[in-house]
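All chains are named by letter (A, B, ...) in the order of the sequence lines, taking the proteins before the strands, and each is independently numbered beginning at 1. Computed from heavy atoms alone, side chains included, the values below leave out hydrogens, waters and symmetry copies. No experiment lies behind these values; they were computed from the predicted model shown.
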2 protein chains.
Amino acid sequence: MPTTKWVYDFAEGSREMRALLGGKGANLAEMTRVLGPERVPMGFTITSEACVEYMRAGRREPDGLSEQVTEALQRLERRSGKRLGDLEDPLLVSVRSGARVSMPGMMDTILNLGLNDQSLLGLARRTHNERFAWDSYRRFTQMFGNVVRGIAGEQYEDAIKAAKVDRGVAHDTELDVEALGQLTETFKRIYEEHTGDEFPRDPHTQLQLAIRAVFDSWMGDRAVAYRRFNHIPDDWGTAANVQQMVFGNKGETSGSGVAFSRDEVTGAPEPSGDFLANAQGEDVVSGVRTPRDLGEMKQWMPGLYADLLDILKALEHHYKDMQDTEFTVEEGRLYMLQTRDAKRPAQAATRFAVDAVREGLLTREEALMTIDPLGLDALLHPGFDPKAEFRVLATGVNASPGAAKGEVVFTAHDAVQAAEAGRGVILVRPFTDADDVSGFHAAKGILTSEGGKASHAALVARGMGRPAVVGAGALAIDVKAKTISVDGTVIHEGDRIAIDGSRGRVTIDDVPLVPTQIDENFTTVLDWADAVRRLGVRANADTPADAQRARELGAAGIGLCRTEHMFMVEDRQPKMRSMIMARTVAARREALAALLPLQQQDFEGLFEAMAGLPVTIRLLDPPLHEFLPNLADLSAQVEHARMAGDDNLSELEALIARVDELHESNPMLGTRGCRLGILYPEIYEMQVEAILRAAKAPADPVHPEIMIPLVSYEHELELMRELVARVGRREGLREGVDYTVGTMIELPRACTSADRIARHADFFSFGTNDLTQTALGFSRDDAELKFVPMYLDRKIIDRSPFETIDEAGVGWLVQLAGWLGREAHLGLKLGICGEHGGDPASIDFFHRSGLDYVSCSPFRVPVARIAAARAAIAHASEGWG
Amino acid sequence: MPTTKWVYDFAEGSREMRALLGGKGANLAEMTRVLGPERVPMGFTITSEACVEYMRAGRREPDGLSEQVTEALQRLERRSGKRLGDLEDPLLVSVRSGARVSMPGMMDTILNLGLNDQSLLGLARRTHNERFAWDSYRRFTQMFGNVVRGIAGEQYEDAIKAAKVDRGVAHDTELDVEALGQLTETFKRIYEEHTGDEFPRDPHTQLQLAIRAVFDSWMGDRAVAYRRFNHIPDDWGTAANVQQMVFGNKGETSGSGVAFSRDEVTGAPEPSGDFLANAQGEDVVSGVRTPRDLGEMKQWMPGLYADLLDILKALEHHYKDMQDTEFTVEEGRLYMLQTRDAKRPAQAATRFAVDAVREGLLTREEALMTIDPLGLDALLHPGFDPKAEFRVLATGVNASPGAAKGEVVFTAHDAVQAAEAGRGVILVRPFTDADDVSGFHAAKGILTSEGGKASHAALVARGMGRPAVVGAGALAIDVKAKTISVDGTVIHEGDRIAIDGSRGRVTIDDVPLVPTQIDENFTTVLDWADAVRRLGVRANADTPADAQRARELGAAGIGLCRTEHMFMVEDRQPKMRSMIMARTVAARREALAALLPLQQQDFEGLFEAMAGLPVTIRLLDPPLHEFLPNLADLSAQVEHARMAGDDNLSELEALIARVDELHESNPMLGTRGCRLGILYPEIYEMQVEAILRAAKAPADPVHPEIMIPLVSYEHELELMRELVARVGRREGLREGVDYTVGTMIELPRACTSADRIARHADFFSFGTNDLTQTALGFSRDDAELKFVPMYLDRKIIDRSPFETIDEAGVGWLVQLAGWLGREAHLGLKLGICGEHGGDPASIDFFHRSGLDYVSCSPFRVPVARIAAARAAIAHASEGWG
């Protein structure tokens with residue numbers, strides 16, 4: 001039997017061999033293949049299979065491994081013309097781990113392997129730089145002890161500190177040759193004390209120990225824990241890469257730099273980057289020396305610069321994406337050390353995509369796959385000027401993108417008044433609830449000290465496109481005193497602040513804002529996306545203004561209009577309250593009659609704005625007590641009025657009696673949704689009447705989709721469907737109106753009996769917010785505040801289930817319901833209108849689940865269009881296209 | 001093609017032909033077959049297929065139907081010696097509908113069909129009873145118009161009322177022949193006015209119209225609605241039964257009666273019943289005349305009496321159950337009109353079962369199938385003496401069975417003090433919460449004015465076996481004034497009341513109580529059940545006393561010990577509160593150290609009581625704020641203290657700050673269950689330590705099963721399992737203790753990912769209470785109070801999902817989880833510990849779902865044992881045995 005091949009030269013591999021060579025090894029091989037072996041420092045990879053065998057054998061190298069390593073090393077020595085341990089011109093190598101996926105807890109890097117007390121002298125002579133040689137040796141002994149034998153880093157740091165004190169210097173760079181020599185001796189002593197072994201002088205021994213350390217790190221605690229959490233099998237193993245060191249600091253014909261194949265900020269088709277002559281890579285990025293613009297390299301070494309441009313083009317063509325590279329010039333020779341797809345802001349991403357298609361580099365589909373959908377969000381909102389300097393006062397959750405500046409106000413009422421007076425304000429609250437919604441309309445931005453991405457403040461702000469920073473816990477907000485205290489600074493009502501909802505920052509400095517950046521490239525890319533995506537994209541919108549914006553951003557309809565938001569507008573609250581306080585059906589009908597024309601007006605506005613596109617209207621959903629004051633506050637008020645003998649006591653008592661009556665232990669699971677429609681049919685009747693009346697008004701034909709929330713039993717939907725039909729028969733209201741009736745699917749029970757429910761539904765719209773709450777038993781208000789952060793911290797979950805859909809639970813139920821629903825009702829329309837409708841990862845899931853459309857907040861519509869296109873492209877071959 | 005057979009004589013059918021002949025027709029045929037045609041008034045059934053054909057043809061009789069009816073009628077005339085419409089001795093018949101299942105909204109009964117102005121005279125002569133003949137005719141014209149042509153009953157009632165006013169009499173029975181004659185004329189006129197037709201004189205026409213009316217009623221609104229709700233297909237159709245009338249009021253050789261094959265109260269093997277000579281069946285049951293004891297029939301007609309005893313025996317043998325019959329003697333001839341399985345109290349049920357097996361009438365399995373498991377509950381508790389007379393003060397929900405008498409107290413504290421003083425008390429509260437639990441221990445019974453079967457009061461009372469009436473809404477309970485007001489009666493603290501938790505009654509009369517009735521028959525039947533059931537039966541028990549009772553009632557272990565109940569005992573609350581108020585881990589550990597020995601003691605008591613049987617202990621589950629006062633109450637207190645300048649203000653403010661911090665919008669979906677264990681590991685660590693320490697104490701080996709509540713992610717269980725192991729390693733705590741670790745499955749997400757969770761679990765216990773809450777989105781506290789009653793009323797559901805498991809949603813998830821769990825973990829133990837564990841219909845479902853055991857409150861253990869046996873017998877042939 002021939003021995004297994006354990007070792008591959010870089011020139012032998014390719015990126016397809018990731019499983020065997022690991023990510024790093026495959027990438028080095030690929031670059032070698034693309035650019036030729038002379039452009040990438042030579043080296044070889046020991047396979048992950050060797051690692052697995054080593055583990056299986058109880059940490060013993062498999063047969064043939066050490067021979068193959070020796071042979072590979074000899075090839076490397078032959079080609080580089082240097083020898084490991086050579087006294088004149090020693091070959092130095094790096095050793096790095098590299099698993100199939102990058103993984104924390106794995107051994108990082110050992111540089112300068114091959115140095116000992118003898119070869120050090122050769123290196124010093126060869127580089128004419130004694131200090132460089134000693135510093136390299138010092139670093140090697142430190143890394144080797146720390147990484148290979150697990151000696152605590154502090155021991156080394158302490159020794160360096162002591163040396164600096166001893167010499168009276170502040171920085172490592174000020175230590176001279178003698179000091180570095182002494183430190184190296186100290187490090188070798190630490191090694192011996194800790195391990196009981198002498199520090200290995202023989203470079204071949206050093207190499208063997210380093211490779212073992214890579215393999216051993218695969219079974220280290222952190223790596224094992226990470227794999228367990230991420231379901232990565234233990235038997236993947238890790239590869240080890242051995243690569244020749246090159247140095248950019250060997251004099252004026254050497255240097256290092258970073259280069260982007262295009263401008264990394266604008267996406268313009270000129271390469272950009274930084275470089276420094278006579279410097280190592282870390283000098284370029286550390287900021288100790290000011291790097292020069294890449295273009296200046298043309299003067300320095302015109303030939304090499306031309307080579308670099310060719311290389312960048314070649315890499316871009318090969319990887320079919322904008323590249324971010326690192327290079328080193330060693331004595332006039334250009335080496336590429338790394339290439340990867342460049343991170344880029346949204347503006348650059350769309351420009352690259354459009355240019356690349358124009359250049360024939362990419363197809364439209366390929367171009368779409370280079371765009372990060374979430375990044376686009378930034379283009380749609382004003383932002384802090386990226387060049388502006390300012391002090392961050394506090395940070396919080398980036399709950400709703402965009403930036404805003406204004407005067408601080410502490411109540412919705414004050415916000416409304418200020419807006420009426422023409423002043424721009426930021427509404428600041430510890431947290432928000434339904435009472436504050438009118439303030440959201442009036443304010444330029446929202447800031448809270450509590451809550452997370454799915455808090456009330458975040459949801460409402462996102463829905464309206466208001467920038468919001470929430471959960472800025474450092475702020476002590478005193479609503480009564482009307483002050484914000486933070487780190488000794490006190491901000492009063494009327495003081496100006498600025499918030500950056502895209503990055504969660506708050507400042508009192510006057511940061512300049514930059515406007516939205518919707519340009520031609522953006523539009524082009526979205527048009528392409530529309531051509532390939534299968535999923536429809538609608539918007540959640542409750543007002544004509546939102547609807548208008550949604551249409552402008554490309555929504556194909558409204559997927560969710562929350563009618564309760566219409567009742568939260570300040571001047572309607574008294575009418576709503578008198579409806580709730582009504583004790584008889586007759587009194588309730590009277591109050592509803594006053595709401596009817598307002599509601600009808602709302603729908604007319606929506607229908608007008610949507611000009612014939614479908615509009616899904618959800619009938620009243622939240623529990624009624626949400627429209628009344630909070631019980632605990634009211635208790636204190638009543639007690640106060642009682643003791644003070646206030647006149648309004650009896651009024652307060654009537655109010656608290658009703659609040660108490662409507663109070664529920666778990667309102668989320670209480671009298672809401674269609675339960676309200678069954679208990680108080682007159683409410684839903686008013687809403688349906690308003691919809692049908694409004695649908696007769698506009699010129700374009702209107703397609704209202706009446707949506708019944710929180711159905712768990714088929715009979716609930718059947719009863720509500722009958723209610724709609726009953727209203728429709730009144731005065732011929734339904735004549736000429738092309739309406740349909742469907743339901744939110746937002747309870748697990750609705751999913752398991754979706755076949756029965758589908759018989760009474762024209763459409764299903766998955767309410768994944770509530771479905772997440774019930775399937776996981778997570779009250780959003782409580783979970784985001786209390787235990788979700790802890791769960792993320794403990795790695796019980798990797799993303800909040802309110803942000804990206806929980807596929808194993810919530811997603812499973814969505815797929816079940818879709819399947820059962822369509823089994824029972826061919827052609828049933830399936831949509832989703834939870835927050836997940838704007839999340840790219842979730843959109844990919846909904847595409848795979850065969851849904852017809854997603855609905856998200858207006859500003860997420862472009863994100864969803866791109867994400868839907870990417871999903872269609874990614875899964876085209878799986879039959880989901 | 002031969003014509004379909006549309007008509008069957010009773011002598012041709014049998015009970016197996018229920019689908020074709022309907023329930024009533026099949027039963028009449030079966031009785032005819034068993035007793036011979038001379039014992040059952042003759043007749044025939046028109047099949048449900050005829051009805052279906054009639055409907056399909058647009059309400060036209062199918063070919064051959066009228067010929068077959070005529071032939072059947074001729075056979076009937078031949079055999080009875082009477083003719084329809086005969087002037088001397090007319091044949092009279094009844095016409096009744098009878099579908100496969102009994103169904104409201106179907107046509108009921110037309111009696112005396114065959115009468116007209118001529119045959120009436122023959123009947124009068126033949127019976128020597130002119131008034132009887134006219135009254136029969138009057139009834140016929142009334143029923144015919146009302147039932148066949150849908151004329152409103154009030155029209156007839158009004159006419160009767162007018163006749164009584166006219167004659168100056170009070171009762172129908174006082175109307176004389178002349179008045180009846182006039183009424184009959186009036187009724188015929190009503191018919192003509194309403195229908196435009198003459199009242200049909202020809203008896204054959206009468207019969208044809210009556211049969212059509214039966215068929216038409218199948219498509220009546222109420223019947224259609226009922227079928228839709230109960231998923232009964234429209235194409236079942238209904239049969240129509242035509243039967244000869246017999247009369248027990250033809251003189252002294254005629255009579256009517258009801259007869260049970262055994263004593264219907266005690267189950268003793270002597271027939272019992274009532275009869276009256278010269279009377280119709282309704283006279284026996286109406287109470288107008290006092291019936292005579294069945295035994296006296298021996299003197300009256302010894303031969304017929306002997307025949308009746310033989311018939312009862314024959315029916316009992318045939319139907320293999322105790323029978324409840326109706327009979328009529330017409331001129332010395334005995335006819336059986338009906339037989340059905342007798343309803344009986346639990347005592348009679350067990351006696352019959354044991355006797356029937358002894359007599360060889362039934363096998364043990366058959367005997368078990370005659371017992372209603374829920375009925376047994378009554379035997380285990382004292383009850384109101386059934387013979388006692390008393391005034392019912394109020395009624396409520398029969399929340400926990402048994403009866404109790406005692407002095408009224410209004411607080412848990414007063415209950416505890418009274419109990420210590422040796423006084424028996426009834427704890428009366430508007431509703432109860434965790435603070436009241438010590439009062440439950442102290443009281444003899446519980447009475448509330450709010451809440452349903454799944455309210456806190458009901459659950460806790462049932463768990464402890466305390467009688468409870470809840471939701472007695474007529475009671476105005478003023479806790480501050482310490483009074484109950486109801487209908488003008490005011491009850492003060494210390495007044496004596498009695499409650500009947502089995503039937504939901506409250507009285508201030510001194511009703512005598514009868515003790516529990518556990519007798520030998522009861523024990524025998526339970527032994528049989530144990531021999532055939534596959535499901536294990538455990539009990540939910542939190543105290544040694546409960547555990548002891550559970551064992552006595554046959555529990556095979558504890559399926560759920562709720563450790564939080566141990567902290568709700570009055571003297572432990574301060575310790576628990578200081579644990580919750582602790583702001584640092586160190587302070588919390590200190591408070592926990594004080595709770596440890598108490599908790600250990602609790603477990604020692606439980607283990608002792610269970611003598612080696614398995615004990616499943618659930619670690620702390622409820623949210624911590626449940627141990628603190630209510631936020632709204634506290635707000636008022638703080639406001640009070642603030643305004644009054646009370647000394648305790650700062651203490652109250654600290655308390656409210658913590659309550660506010662722990663407050664959650666939806667505590668049911670908040671920081672509870674294993675989320676507590678992850679957030680405050682020291683709490684679970686204390687509990688595990690207490691369990692392991694206690695497990696070392698007793699002589700019998702102990703098998704604690706440590707149960708982690710509210711798991712939704714596998715990693716939660718993995719972390720908690722590690723916590724248990726970690727504690728176990730401390731000081732060798734786990735040495736010699738045979739413990740296992742499992743989880744509650746009570747969230748939909750846990751069901752859909754049960755395979756992953758099962759890898760870390762030794763057992764699953766389904767928490768169907770919480771699973772019902774989350775799958776349906778029903779907060780139990782809110783739903784039972786607010787919308788479940790309405791849902792029952794609107795027929796959206798037919799039973800509360802908290803009482804009987806919702807198979808389509810919750811049950812589906814249970815089965816999924818069981819299947820996934822066992823796929824991943826062969827031999828995984830599956831149990832259920834929700835309230836459904838004591839419900840027979842749910843137990844049948846759990847048996848079919850392949851669970852290993854159910855766990856229920858101690859007093860439900862016998863019910864569950866019988867129900868499990870019945871499930872095993874019922875499904876033996878389905879491979880679930």
Side-chain angles (χ1 to χ4, degrees), chain A residues 228-229 631-640 643-644 660 663-671 673 675 678-679 710 712-713 715-716 718-719 746-753 756 770 773-783 786-787 790-791 794-797 806 808-810 812-813, chain B residues 228-229 631-640 643-644 660 663-671 673 675 678-679 710 712-713 715-716 718-719 746-753 756 770 773-783 786-787 790-791 794-797 806 808-810 812-813:
Chain A
R228 199 171 47 183
F229 179 60
L631 184 59
D633 292 350
L634 214 48
S635 289
Q637 279 177 40
V638 168
E639 187 62 27
H640 185 100
M643 293 188 72
D660 203 30
H663 178 76
E664 294 186 308
S665 312
N666 299 286
M668 159 70 207
L669 309 177
T671 310
R675 297 163 197 172
I678 290 167
L679 193 56
L710 212 74
S712 42
Y713 296 100
H715 201 54
E716 294 171 323
E718 201 180 353
L719 280 177
E746 50 189 337
L747 293 171
R749 212 272 183 189
C751 296
T752 65
S753 56
R756 302 182 190 181
D770 281 3
Q773 298 200 74
T774 47
L776 272 66
F778 277 17
S779 163
R780 192 171 55 200
D781 294 342
D782 307 317
K786 304 215 162 142
F787 54 86
M790 175 184 69
Y791 271 41
R794 298 282 175 92
K795 301 214 177 296
I796 293 169
I797 50 180
D806 163 53
V810 181
W812 198 98
L813 288 167
Chain B
R228 201 170 48 182
F229 179 60
L631 183 60
D633 292 350
L634 214 49
S635 290
Q637 280 177 41
V638 168
E639 187 62 27
H640 185 101
M643 293 187 71
D660 203 30
H663 179 76
E664 293 185 309
S665 311
N666 299 287
M668 160 70 206
L669 308 177
T671 310
R675 298 162 196 173
I678 290 166
L679 193 57
L710 212 72
S712 42
Y713 296 101
H715 201 54
E716 294 171 325
E718 200 181 353
L719 280 177
E746 49 189 336
L747 294 171
R749 210 273 181 189
C751 296
T752 64
S753 57
R756 302 183 190 180
D770 280 3
Q773 299 199 74
T774 47
L776 273 66
F778 277 17
S779 164
R780 192 172 54 201
D781 294 342
D782 306 317
K786 304 212 163 143
F787 53 88
M790 176 184 67
Y791 271 41
R794 298 283 173 94
K795 303 221 177 291
I796 294 170
I797 51 178
D806 162 54
V810 181
W812 198 97
L813 288 167

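The choice from A/A644, A/S779, A/G809 that makes the most heavy-atom pairs within less than 4.5 Å of chain B is A/S779. No other option in B/Q773, B/E664, B/H715 has as many heavy-atom pairs under 4.5 Å with chain A as B/E664. Interface summary for chain B: among A/T671, A/I796, A/D660, A/L634, the most heavy-atom pairs under 4.5 angstrom belong to A/I796. With chain B as partner, the option from A/G670, A/S665, A/G673 having the largest number of non-hydrogen pairs under 4.5 angstrom is A/S665. Comparing A/L669, A/L776, A/V638 by heavy-atom pairs within less than 4.5 Å of chain B, the highest count is held by A/L669. Put simply, of A/E718, A/H663, A/R756, the one with the most heavy-atom pairs under 4.5 Å next to chain B is A/E718. Per-residue heavy-atom pair counts under 4.5 Å with chain B were compared for A/C751, A/A750, A/A636, A/S712, and the maximum is reached by A/A636. With chain A as partner, the option from B/I678, B/T752, B/L679, B/N666 having the largest number of non-hydrogen pairs under 4.5 angstrom is B/N666. Chain A forms more heavy-atom pairs under 4.5 Å with one residue of B/P667, B/A783, B/S753 than with any other, namely B/P667.
Both the backbone and the side chain of B/M668 come within contact range of chain A, each with at least one heavy atom under 4.5 Å from a heavy atom of that chain. Using a 4.5 Å cut-off between heavy atoms, B/L710 does not touch chain A at all. At a 4.5 Å heavy-atom cutoff, the contact between B/A808 and chain A is made by backbone and side-chain atoms alike. Residue B/L719 touches chain A through its side chain alone, counting heavy-atom pairs closer than 4.5 Å. Proximity to chain A (any heavy atom under 4.5 Å) is shown, for B/Q637, by neither the backbone nor the side chain.
Here B/F778 contributes atom CZ and A/R675 contributes atom CZ; the two are 5.0 Å apart, rounded to the nearest 0.5 Å. A distance of 13.0 Å separates CZ of B/R749 from OG1 of A/T774, quoted to the nearest 0.5 Å. One distance of note links CD of B/E716 with CD1 of A/I797; it measures 9.0 Å at 0.5 Å rounding. With rounding to the nearest 0.5 angstrom, the CG atom of B/D806 is 5.0 Å from the OH atom of A/Y713.
Residue B/A632 comes nearest to A/S635 through the heavy atom pair O-CB, 3.3 Å, listed as atom of the first residue, atom of the second, then distance.
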